[in-house]
Amino acid sequence: MPSKGYPRMLRRGERFNPLEVAKQTEEIVCRESSRKYTSFYATGVYGGIATGYTVGCCFRCFFCWTDFSRDYPELYGDYYTPEEACNNIVKAAKRWRVKKARISGGEPTLCRKHLLELLEHMEGRGEVELFILETNGLLLGADESYVRELTGFKKVYVRVSLKAGTPEAFEARTGASREFFKLPFKAVKSLLDHGARFHVAAMSDPRIMPLSERRKLIEKLAEIDEFVAANLEEEVCDPYEATIVRMSYYGVDPVKFFGGSSLEE
Ligand code: SF4
């Protein structure tokens with residue numbers, strides 16, 4: 001069971017230490033080298049990709065599309081060893097005739113031992129040519145050695161998704177205290193320094209991120225590397241069921257939001 005005060009859906013003004021939440025979440029979703037997943041399937045994004053849907057994240061973004069396993073990780077999923085998870089992802093890849101794979105849903109960099117062992121298994125599987133690691137960048141920014149370990153895998157391509165361009169907006173949107181704002185940017189710098197294959201995305205949907213903040217985010221990225229900044233992938237917020245519930249809980253009217261109004265934070 002999660003410890004008292006474990007954050008669930010975000011209320012406006014709430015904040016927490018995301019590294020602590022990462023640890024608390026790992027206590028629930030990791031067991032030795034196993035990790036909780038809810039399903040294995042393939043989907044059309046990235047031109048077709050096999051996916052293991054993991055449980056648990058260290059942020060609580062109010063616009064998050066992930067199902068409610070993010071908020072109640074103790075209630076969802078089953079534990080899979082790295083080998084079992086790899087076999088299930090490869091099975092989905094073969095069934096849907098795709099060559100790419102990823103873990104999605106929660107934050108893949110939680111349960112480090114699981115991820116690294118899973119990637120080792122993936123390296124030996126000819127059915128998968130590319131493994132896309134989607135991350136919010138927190139844990140990679142907190143520990144450079146994690147980035148170094150990831151760059152040892154030939155099939156890994158990292159996609160870092162930034163949530164905000166200022167410390168205040170980062171805290172308001174994710175619930176993670178503003179002093180951790182710099183860590184995802186630090187992850188970008190480490191990935192660059194270690195020669196990783198990666199690109200950066202941002203939830204820069206103008207209904208969520210004002211243009212002035214978007215500019216700051218791009219400037220901050222350009223200070224790290226102009227090419228990375230120029231190739232920013234810009235995300236759009238979609239009305240998934242969980243997104244609508246989280247928005248309402250946070251105090252944003254989803255009807256107005258998806259009708260085109262921008263937010264005031
Ligand atoms: S949007 Fe991503 S980083 Fe944010 S809570 Fe959802 S899964 Fe975690």
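As the structure is a computational prediction, the values presented were derived from the model and not from experiment. All ligand and atom numbering here is 1-based and tracks the order in the structure. Heavy-atom basis, side chains included; hydrogens, waters and symmetry copies ignored.
Disulfide check for Cys64/Cys57 fails, with the SG atoms at least 2.5 Å apart.
Using modelled atom types, one finds no donor on one side chain facing an acceptor on the other under 3.5 Å when comparing Glu20 with Tyr6. Using a 3.5 Å distance cut-off with no hydrogens or angles, the side chains of Lys163 and Ser161 do pair a donor with an acceptor.
Within the protein, the number of N, O or S atoms lying under 2.8 Å from atom 6 (Fe) of ligand 1 is 1.
The side-chain tip of Arg246 does not point at the ring of Phe62 from less than 6.0 angstrom away and within 45° of straight on.
Under the 4.0 Å criterion applied to side-chain N and carboxylate O atoms, Arg112 and Glu149 are assigned as salt-bridge partners. A salt bridge is defined here as a Lys NZ or Arg NE, NH1 or NH2 lying under 4.0 Å from an Asp or Glu carboxylate O, and Arg70 with Glu107 fails to meet this definition.
For atom 2 (Fe) of ligand 1, the nearest protein heavy atom (residue, atom name, distance) is Lys163 NZ, 4.0 Å.
Ring orientation note: the planes of Trp65 and Tyr240 are tilted relative to one another, at an angle of 30° to 60°.
Listed by number with element, the atoms of ligand 1 under 4.0 Å from a non-hydrogen atom of Gly105 are 7 (S).
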